[in-house]
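Dropping the structure in here first, questions after.
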2 protein chains.
Amino acid sequence: MVLARIILGLLAIAPMTGYDLKRHFDSTAGHFWTADKAQIYRTLAKLVADGHAEVETVAGSGAPDRQEHRITAAGEAALAEWLASEPERQTERDPFLARVFFGAGLDEDGLRSLFAGRREAVHERLARYEQLRAENSATDRGARLRLVTLDNGIAHLRTELAWLDAAEEELT
Amino acid sequence: MVLARIILGLLAIAPMTGYDLKRHFDSTAGHFWTADKAQIYRTLAKLVADGHAEVETVAGSGAPDRQEHRITAAGEAALAEWLASEPERQTERDPFLARVFFGAGLDEDGLRSLFAGRREAVHERLARYEQLRAENSATDRGARLRLVTLDNGIAHLRTELAWLDAAEEELT
DNA sequence: ATCGCCTAGTCGACTTGTCAACTACTGTAC
DNA sequence: GTACAGTAGTTGACAAGTCGACTAGGCGAT
């Protein structure tokens, strides 16, 4: 459900193919949602079946044909309805924290490498987000809202780094 | 897979019933994982089938019988193996941020109530975590590790509140 | 020329997670 | 005296997400 709405939201910004959507989930939308491409294509098919989107096959110039998906009026209504509805409650799920939680079953070295791996992953993500942040500017309200969610990701990654410092300090 | 390991980890701390596990996911483990009770009972059955846990029926005094699950040696080995294995990569999924991302489709009031709802939910969670934090002390390495993950949750919730302030400020 | 990568999309099998209903007993509040 | 909340567990139907393999053409490098 959420994925269908997010795709609808992306289609509302611009018509896209499943491939384009996948790239968005791997970059601009990656800080709040991810999706497998199989799932993306299936969801697109469902959106079309529900009349929330339309397909137009665009002949690819030197590339495969593109199935451009465009949001319909019904789709826009469904999106607006979702936005105004009660937010779904968040389910926290962090396998890294789970490992730390049970870290007693790990020796000092194992724990250290667990933290080191996390640190690296967070740094990588942070670099990507900051790059993205620098590439975009808040031209209108929509862009400003999108940037603000990116700032959320950046803030949390910085918090994670600070926590890593404190945690490693405390567990010495 | 992760849920099975987390349950194994909890059983390694103390033998438990599915009901006990559910309460843990709703409290002490809730900051890094949640689980539906149907899923918990099914996973427990799988752990028993795999020889990672054993069941013992304890007659309930005035209450229903309890199916106490105890980790086996094989289960402990599986848990240790998981802890030492490559961490699964994190999939960020936040429906609230998704809503903000597409917030252009919402009027000022809708956006305000979206933020207000989040703020309230975060406050509530933070209060729960801080309560938990105050109730527990770091007696040994295991307890220290568990508390440190709780601190992670607290740090992120505080960051979220700060971000909410900044975001609302910026979007005025 | 052949290998790997990018674009673009499809399919089947599978795992994981969610929802709602249902059984069954106890203790407490109204 | 009965309605509700808590303990304890089960089941079926679904929805959501993951993985790997497959087709198919184009482009650049070796």
### Task
Check the distance between C:dC19's C1' and A:Arg89's CZ and give it to me in whole angstrom.
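One finds 10 Å between C1' of C:dC19 and CZ of A:Arg89, rounded.
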#### Entry: Between A:Glu56 and A:His69, a side-chain donor and acceptor under 3.5 Å
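Judged by distance alone, the side chains do not pair up.
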### Query
To the nearest angstrom, how far is B:Leu21 atom CG from D:dT7 atom P?
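Spelled out: CG on B:Leu21 to P on D:dT7 is 14 Å.
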### Query
Roughly how many Å is it from CZ in B:Phe25 to P in C:dT16, rounded to a whole number?
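Between P of C:dT16 and CZ of B:Phe25: 14 Å.
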### Message
Rounded to whole Å, how long is the line connecting atom CH2 of A:Trp33 with atom C1' of D:dT18?
### Response
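From A:Trp33 CH2 to D:dT18 C1': 15 Å.
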### Query
When you measure from the side chain of B:Thr34 to the backbone N and O of A:Thr91, does any donor-acceptor pair fall under 3.5 Å?
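Such a contact is absent between B:Thr34 side chain and A:Thr91 backbone.
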### Message
Counting only side-chain heavy atoms from C-beta out, which of C:dT16, C:dA8, D:dG17 sits nearest to A:Leu3?
### Response
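Minimum distance to the A:Leu3 side chain belongs to D:dG17.
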### Task
Could you check which residues of residues 37-46 of chain B get a heavy atom under 4.0 Å from DNA chain D? Sort them by number, please.
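Heavy-atom contacts with DNA chain D come from B:Lys37, B:Ala38, B:Tyr41, B:Arg42.
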### Task
Could you tell me whether the phosphate oxygens of C:dT7, OP1 or OP2, come under 4.0 Å of any side-chain nitrogen or oxygen in A:Tyr19?
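For C:dT7, OP1/OP2 do have a side-chain N/O of A:Tyr19 under 4.0 Å.
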### Pair B:Glu120-B:Arg125, salt bridge (charged side-chain N to carboxylate O under 4.0 Å, His left out): steps then yes or no
CA-CA 9 Å; B:Glu120 206 189 323; B:Arg125 243 172 211 273; over 6 Å; no
#### Entry: Main-chain N/O of A:His52 paired with A:Asp50 side-chain donor or acceptor, under 3.5 Å
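Checked: no pair found.
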### Task
May I have the distance from B:Gln67 (atom CD) to C:dT23 (atom C1'), rounded to whole angstrom?
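Atom CD in B:Gln67 sits about 14 Å away from atom C1' in C:dT23.
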### Query
Roughly, in whole Å, what's the span from CD in A:Gln90 to P in C:dG17?
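Distance, rounded to whole Å: 15 Å.
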### Task
Please check if the side chain of B:Arg99 supplies one atom and the backbone of A:Trp82 the other of a donor-acceptor pair under 3.5 Å.
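Yes.
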### Message
For a quick check under 3.5 Å, do B:Thr17 and B:Asp20 share a side-chain donor-acceptor pair by atom type?
### Response
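Yes, a side-chain donor-acceptor pair sits under 3.5 Å.
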### Message
Measuring from atom CZ of B:Arg5 to atom CH2 of B:Trp33, what distance do you get when rounded to the nearest 0.5 angstrom?
### Response
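Rounded to the nearest 0.5 Å, the CZ-CH2 separation comes out at 12.5 Å.
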### Message
If you compare all heavy atoms of B:Phe102 against all heavy atoms of A:Leu83, which two are closest, and at what distance to 0.1 Å?
### Response
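Looks like O-CD1, 3.4 Å.
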### Query
How do A:Ala35 and B:His69 order along DNA chain D: which one's closest nucleotide is nearer the 5' end?
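Nearest-nucleotide comparison on DNA chain D picks B:His69.
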### Task
Measure the distance from CZ on B:Arg66 to C1' on C:dA24 and round it to the nearest whole Å.
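Spelled out: CZ on B:Arg66 to C1' on C:dA24 is 17 Å.
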### Query
Expressed in angstrom and rounded to an integer, what is the separation of A:Arg93 atom CZ from C:dT15 atom P?
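Rounded to the whole Å, the gap is 18 Å.
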### Query
Heavy-atom contacts under 4.0 Å between residues 6-18 of chain B and DNA chain D, which residues?
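Heavy-atom contacts with DNA chain D come from B:Thr17, B:Gly18.
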### Message
Judged by each residue's nearest nucleotide on DNA chain D, which is more toward the 5′ side, B:Thr91 or B:Asp36?
### Response
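It is B:Asp36, whose closest nucleotide lies nearer the 5' terminus.
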### Query
Once the angle between the rings of B:Phe32 and A:Phe101 is folded into 0 to 90°, is it parallel (under 30°), tilted (30 to 60°) or perpendicular (over 60°)?
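Aromatic pair B:Phe32/A:Phe101 classed tilted.
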